[in-house]
Amino acid sequence: MEYVDEYGPISPIPNHDGTMCFKWDNTLWSAAEHFKYRWNVFKNIRAAIDQNEGGFEKFSQGYKYYGFNRGECNGQTGIWYREWAPGAKALALVGDFNNWAPAEGHWAFKNQYGTWELFLPDKPDGTSAIPHRTKVKARIEGADGSWQDKIPAWIKWSTQEWNEVLFNGVYWDPPEKGAPGEVDPDKQYTFKYPRPPKPRALRIYECHVGMSSEEPKVNSYLEFRRDVLPRIRALGYNAIQIMAIQEHAYYGSFGYHVTNFFGVSSRCGTPEELKALVDEAHRMGIIVLMDIVHSHASKNTNDGINMFDGTDGMYFHGGPRGNHWMWDSRCFNYGNWETMRFLLSNARWWMDEYKFDGYRFDGVTSMMYHHHGLSYTFTGNYGEYFGMNTDVDAVVYLMLVNNLLHDLFPNCVTIGEDVSGMPAFCRPWQEGGVGFDYRLQMAIADKWIEVMKLHDDYAWNMGNLVHTLTNRRYAEACVGYAESHDQALVGDKTIAFWLMDKDMYDFMAVPGHGAQSLVVDRGVALHKMIRLLTIALGGESYLNFMGNEFGHPEWIDFPRVDSYDPSTGKFVPGNGGSLHLCRRRWDLADADFLKYKFLNAFDRAMCHLDKAFGYMSAPNTYISRKDEGDKMIVFERGDLVFVFNFHPGQSYQDYRVGCREAGPYKLVLSSDEEVFGGYRNNTKENDVTFQTQSGNFDNRPHSFQVYAPARTCAVYAPAEWADKDADRKPHGIPGLGIKDLGPYFSR
């Protein structure tokens, strides 16, 4: 049976002045006038849309009017092509269908709103005037009098021939509809599986389809569906965040210099193949988030929407304000009516057509401030967030898009990449907040890099680590991560590389299969501790970049040629177009004789621990110990007690740790298990029951004594939910000692 979305209604605007979110932070009253102003702007835009566009829902379906759509004209069926290009003097449609020479009926007419319209009736035999999967472009006389062939702004797919530099738009309209779940290159894909429920906490696997192959090649949507999705599910992640979906002419931009906003990246396959990937993820119970780029656009005038009608404005700000000096890209004019239509429709399009479940909005800090967050330090003073530095049009756009998505798709998830820490960013738009579900907690990864640069392990400050991991606004959820794609790119280092560096090349063999290294032993131990501490304390959800779960060696280096940095003019050498470092070495994690398998197994166990106990979303979080001398961190999250010993050489016997609930407790996860590359000094196999004692200890009403070996972490759970033999059962997770599915099992 075909799956069809059921949309929620568009909410009415609450009757208040935009300060309802102040109930969570009454110090925001110092910025009350700013909140009232932006709320009025928001309300006025919503009212104008309702008055002039037939409502918010219709306004957000621009893709049903602009671009290519089947329709009628004077009783004839055919293709409507519409394009907003107010500065253009003339526009014709060219392509394979007319041998790139427009006939009289291929010239569009411009209406009073700057929109060009053209109707192409079907042929006498009933076939389409433009065959499916053939190339098309708009031939435009720009405002400056020059002629250029442009890819239509609302194009659904564009491709680059192997022997050509430029991309071509492709008319995409499969003539036949496939059966639900059927993958056929000549048929429209029909969704079969419903969207999974919204998870209580996200365990996000950040991924890039193109570089997901073990081989040095650009991987496909169908190969990712077949080979990578099962790995992600087995690891215990319940969400994937796919990068580089929107078409981008320059592969090395990691998908962040978008040229075709409605187009699926053709390097990895067709629109229907992407749909098949999303549907398969839904079958597995995995929600699919898209890394969407609305913060800027590529400056590419040949393949993108820059200078589309011959002017430097149109969707963008004109002049210097429309150019991002650091990213060498174009900045949108979020106060422009057609820009709002374009971007709001784009956000709806990917969820409507491809059944994405939400977005990670890229570069939001750059959007919200005129200075783009560059060469600027945020100290927490509210004047930095709510003043003349703020681009109110951009913030209101973010409120609008969150309003739209959360109303139409009630289970939608939106994550904002904001480094500034703007207050009320993750409060609902109905309260006057920006409306995101989560903020990316970007400071954590920077803190780990700062700490790992200290070669003296005794200099690691426990209190400072805990502060960074927990330093987030009350009632505003965050996605914590120890590292993302940013740290994996060439020029930076992953955690594994920071910890083990060159020793990863020669000393990753398990004992008995090669030489050993104390550097690697230290790195493997700390890699596990860093990731568990981050998932347990760093936020209400967690993110990992593809391959980092097993300590993927090397950095990511996309194929590139020699170039110059646009902001400095400095020469940047290329790599000869090589894909050697633009792939994922799954074989390393699968090799039984390499230590990568230990890190992979531990990552799987800590994800499944959250599936069983829901500790990331648990209301109880209490940090009872941050001991600089002992290098110990002890805390509770939900029903679990986490114990970390960061001391490089001191193990502790009978170490007392506080807890809220009376025991008994048992060990359910230890980084010292053999399956995680540990020494079994602290293992669930001992089946020890830890009885608690009453009486205040570290401000907790109960406590118990544990063994804490150096450079290990351990998790203790109520004894009734522990089972040392759990991982010997058919569906057990190696190293994890949880009875059955745990007390709060959820995907």
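The figures here come from the full heavy-atom set of this structure, side chains too, leaving out hydrogens, waters and symmetry mates. Along the sequence shown, residues carry numbers from 1.
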Whether [X] and [Y] hold their rings parallel, tilted or perpendicular, with breakpoints at 30° and 60°:
X: His296; Y: His257; value: perpendicular
X: Phe332; Y: Phe342; value: tilted
X: Phe254; Y: Phe545; value: perpendicular
X: Phe59; Y: Trp337; value: tilted
X: His294; Y: Phe361; value: perpendicular
X: Trp327; Y: His324; value: parallel

Using every non-hydrogen atom in the two residues, find where Leu120 and Ala129 come nearest and quote the distance to one decimal.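 Here Leu120 and Ala129 meet closest at CB-CB, 3.9 Å.
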Specify the closest pair of heavy atoms between Ser345 and Trp154, including all atoms of both residues, with the distance to one decimal.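 Here Ser345 and Trp154 meet closest at CB-CZ3, 3.8 Å.
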Got a second to check how far [X]'s [atom1] is from [Y]'s [atom2], nearest 0.5 Å?
X: His406; Y: Asn411; atom1: NE2; atom2: CG; value: 9.5 Å
X: Ser60; Y: Asp352; atom1: OG; atom2: CG; value: 8.0 Å
X: Met340; Y: Ile49; atom1: CE; atom2: CD1; value: 6.0 Å
X: Asp437; Y: Cys426; atom1: CG; atom2: SG; value: 7.5 Å
X: Ser541; Y: Ile204; atom1: OG; atom2: CD1; value: 6.0 Å
X: Glu338; Y: Tyr66; atom1: CD; atom2: OH; value: 4.0 Å

For the pair [X] (side chain) and [Y] (backbone), establish whether a donor and an acceptor sit closer than 3.5 Å, ignoring hydrogens and angles.
X: Glu223; Y: Ser213; value: no
X: Asn402; Y: Val434; value: yes
X: Gln487; Y: Ser484; value: yes
X: His317; Y: Gly322; value: no
X: Asp279; Y: Tyr193; value: yes
X: Asn260; Y: Asp303; value: yes
X: Lys156; Y: Gly169; value: no
X: Lys110; Y: Leu91; value: no
X: Thr365; Y: Val419; value: yes
X: Arg341; Y: Gly62; value: no

Centroid separation under 6.0 Å, is that true for the rings of [Y] and [X]?
X: Trp84; Y: Tyr315; answer: yes
X: Tyr376; Y: Tyr369; answer: no
X: Phe97; Y: His106; answer: yes
X: Trp429; Y: Phe42; answer: yes

Is any NZ, NE, NH1 or NH2 atom of the basic residue among [X] and [Y] found under 4.0 Å from an Asp or Glu carboxylate oxygen of the other?
X: Lys187; Y: Glu272; answer: no
X: Asp5; Y: Arg195; answer: yes
X: Asp418; Y: Arg439; answer: yes
X: Glu353; Y: Lys275; answer: yes
X: Asp328; Y: Lys299; answer: yes
X: Glu206; Y: Arg360; answer: no
X: Asp391; Y: Arg321; answer: yes

Validation row: [X], [Y] side chains within 4.5 angstrom (heavy atoms):
X: Tyr334; Y: Leu398; value: no
X: Ile415; Y: Leu440; value: yes
X: His208; Y: Phe558; value: yes
X: Tyr205; Y: Met546; value: yes
X: Gln160; Y: Tyr251; value: no
X: Phe68; Y: Ile155; value: yes
X: Asp357; Y: His282; value: yes
X: Leu274; Y: Trp350; value: yes

Verify whether one side chain among Asn219 and Arg584 offers a donor that lies under 3.5 Å from an acceptor in the other.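 Short answer, no.
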Less than 3.5 Å apart, any donor N or O on the side chain of Asp186 or His132 sitting next to an acceptor on the other?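 The criterion, which ignores hydrogens and geometry beyond distance, is not satisfied for His132 and Asp186.
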Taking the cut-offs as 6.0 angstrom to the six-membered ring centre and 45 degrees off its axis, would you call [X] and [Y] a cation-pi pair?
X: Lys192; Y: Tyr3; value: no
X: Lys135; Y: Trp100; value: no
X: Arg348; Y: Tyr63; value: no

Evaluate the criterion side-chain contact (heavy atoms from CB on, under 4.5 Å) for residue pair Val264 and Tyr354; output intermediate values, then yes/no. CA-CA 10 Å; Val264 171; Tyr354 294 92; 3.1 Å; yes
Out of Asp407, Leu408, Leu344, which one pairs with Phe56 under the side-chain contact (heavy atoms from CB on, under 4.5 Å) rule?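 Checked Asp407, Leu408, Leu344 against Phe56; only one passes side-chain contact (heavy atoms from CB on, under 4.5 Å): Leu344.
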Is it the case that over 12 heavy atoms from other parts of the model lie below 6.0 angstrom from the NZ atom of Lys58?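 No.
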Decide if atom CD of Glu6 counts as having more than 12 heavy atoms of other residues, nucleotides or ligands within a radius under 6.0 Å.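 Not more than 12 within 6.0 Å, no.
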